[in-house]
Amino acid sequence: VEPDGTRVFELTAQEGSMPFVDGAETRTWGFNGDYLGPTLRAERGERVAVEVTNELGEATSVHWHGMHLPPEMDGGPHQMVEPGETWRPTWEIDQPAATLWYHPHPHGETERHVYQGLAGLFLLDDPEAAPDLPSQYGVDDIPVIVQDKQFDDAGQLTLEENQSEPGVLGQTVMVNGTVGPFLGVSTERVRLRLLNGSTARTYSFGFDDGRRFQLVGTDGGLLPAPHETTDVRLSPGERAEIVVAVTPGEQVTLRSSEPDLGRVASSAAFGGEDTFDVLELRADTMLAPSPPVPDVLADVPRIKESEAGVTRDFTLAVRQINGRSMDPERIDEVVHEGQTEIWEVRSIDSLPHNFHIHDVQFQVLDIGGEPPPPELMGWKDTVYLEPQRDYRLIMRFEDFTDADSPYMFHCHLLRHEDEGLMGQFVVV
Ligand code: C2O
Ligand code: CU
């Protein structure tokens, strides 16, 4: 922390290697290490700065996914960091407690940079709104970055050999860079902060014995109330915070089972028939007590449809939004600061897509005219788009204006994004 109170982080993108598969050192990239990066953590009201240094042989960028911040700090394709350079964005944290993350966003290269290992969590806390949830980091509050990988015969990561339509659908699923992971649990309840850090694969997380758990948070913060369920679907970039209870001495496995992708052309071709064990929980024979999950978690006032002054339409098909591919020189939408807007988003082909908007957290108004399910009642920045359904999202654009510096909106299946399924908006 600097004298003026700014909390300063350092991230250095560098090359490394990992013993992911027997007998091979897989070449990887990481921040401050071989693979992935440190968990950054800050409180609401704090000013933060990140010194991002690029020690790779090529330019990259670092985007703060889910963060409300000025566009020139956003780390999108317009804030590239050249090899050997340092970029120092700074902003004030002004949003609810949440599990956010960071990853590169170079135009056309995001899939490769993330797949090589550049990503990490950015946790936000709000001491004034902190319900009694498990919160001892690494003890009962656990980061769970889930990623799938495919290796070639030499044990190296390949993208080229993986030509499935949305990108890599790897057969090895790892957590925080560990293959075949387990977690020793020493408390009656454990909170898992799940991030789908994969480039293309959608998961449906649950437990091997079908036990119920509490979904307490989504992308942009805690839900108004816990939602008890047996499974939660996460497409690339989405997060979920869950609390699960264990009994002394037991073993139970977090698993992803056959995610329902909606009316895609071939569920099997997009991973909809795949099941993976993700993380084994091994409970101690003596467990420290945990308080029950509170009935009320956060104040999430619904944004009313009547507040919206503008409605915009976004139709996704193959690699285009509204018939256009990403052009870094073109501004697609001009938004007015202070405005509440409804974005009507739909995917009209039969491919899996999702939709991510920079700068804002939105609420799902309705899906195909129906109210959203409980898991979509909180703040979201990324939402899976079941094909042929209309998603109406409502959001408010506040605080930052810059006619020259755009934010992005795009599909977070990274090959789709890289190949053009992205657009730009400015707030003026
Ligand atoms: Cu997580 Cu524009 O990205
Ligand atoms: Cu897509």
Side-chain angles (χ1 to χ4, degrees), residues 36-37 60-69 71 73-80 98-115 118-122 145 147 164-169 195-202 219-220 234-239 261-265 269-271 314-322 324-326 328 332 345-362 380-389 391 405-425:
L36 295 178
T60 190
S61 82
V62 182
H63 165 60
W64 320 102
H65 179 125
M67 199 77 76
H68 176 50
L69 77 185
M73 308 299 170
D74 191 42
H78 299 283
Q79 288 89 36
M80 296 299 289
T99 301
L100 309 185
W101 66 301
Y102 58 90
H103 63 79
H105 216 300
H107 184 44
E109 305 286 345
T110 297
E111 180 194 27
R112 190 165 57 84
H113 286 213
V114 173
Y115 191 64
L118 294 178
L121 291 181
F122 201 139
I145 303 175
Q147 298 175 306
S164 79
E165 198 283 336
V168 174
L169 293 172
L195 160 65
N196 181 347
S198 286
T199 56
R201 184 182 285 287
T202 291
D219 301 342
L234 292 186
S235 66
E238 288 185 288
R239 287 86 68 209
L261 301 174
R263 295 163 59 189
V264 294
F270 301 124
F314 299 89
T315 299
L316 283 70
V318 195
R319 297 295 190 267
Q320 296 184 318
I321 300 177
N322 295 341
R324 303 197 287 199
S325 291
M326 166 71 174
D332 297 281
V345 187
R346 69 192 63 79
S347 157
I348 57 162
D349 57 24
S350 43
L351 303 175
H353 296 297
N354 67 12
F355 196 71
H356 169 49
I357 312 174
H358 287 210
D359 181 46
V360 289
Q361 292 289 336
F362 54 77
K380 293 287 292 171
D381 55 49
T382 308
V383 65
Y384 183 72
L385 302 177
E386 292 187 6
Q388 316 296 340
R389 299 187 76 187
Y391 288 71
S405 196
Y407 297 104
M408 309 292 131
F409 53 90
H410 57 90
C411 178
H412 218 289
L413 278 69
L414 298 180
R415 185 167 297 181
H416 290 182
E417 173 195 330
D418 283 341
E419 293 180 354
L421 220 169
M422 178 153 68
Q424 312 196 95
F425 70 98

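Only heavy atoms go into these numbers, but all of them, side chains included; no hydrogens, no water, no symmetry mates. Order of appearance sets the numbers: ligands from 1, and atoms from 1 within every ligand.
- Under the 30°/60° scheme for interplanar angles, the aromatic rings of His105 and His358 are found to stand perpendicular.
- With hydrogens and angles disregarded, no donor-acceptor distance shorter than 3.5 Å links the side chain of Gln388 to the backbone of Val264.
- Using the six-membered ring where Trp is involved, His65 and His103 have ring planes that are tilted, between 30° and 60° apart.
- Under the 30°/60° scheme for interplanar angles, the aromatic rings of His410 and His356 are found to stand perpendicular.
- Excluding water, every protein N/O/S atom under 2.8 Å from atom 1 (Cu) of ligand 1 is given here by residue and atom: His65 ND1, His103 NE2, His412 NE2.
- For the Cu ion (ligand 2), the count of nearby protein N/O/S atoms, taking only those under 2.8 Å, is 3.
- Looking only at atom types and distance, the side chain of Gln320 has no donor-acceptor partner in the side chain of His416 under 3.5 Å away.
- Taking each heavy atom of Val168 and Arg415 in turn, the nearest pair found is N-NH2, 4.2 Å.
- Under a 3.5 Å cut-off, the side chain of Asp219 and the backbone N or O of Arg239 do form a donor-acceptor pair.
- The minimum heavy-atom distance between Gly237 and Trp101, with the atom names listed, is O-NE1, 3.3 Å.
- Scanning all heavy atoms of the two residues, the minimum distance from Thr382 to Pro236 falls at CG2-O, 3.8 Å.
- An angle of 110° is found at atom 2 (Cu) of ligand 1 between His410 atom NE2 and His358 atom NE2, rounded to 10°.
- Aromatic pair Phe314/Phe355: ring centres closer than 6.0 Å.
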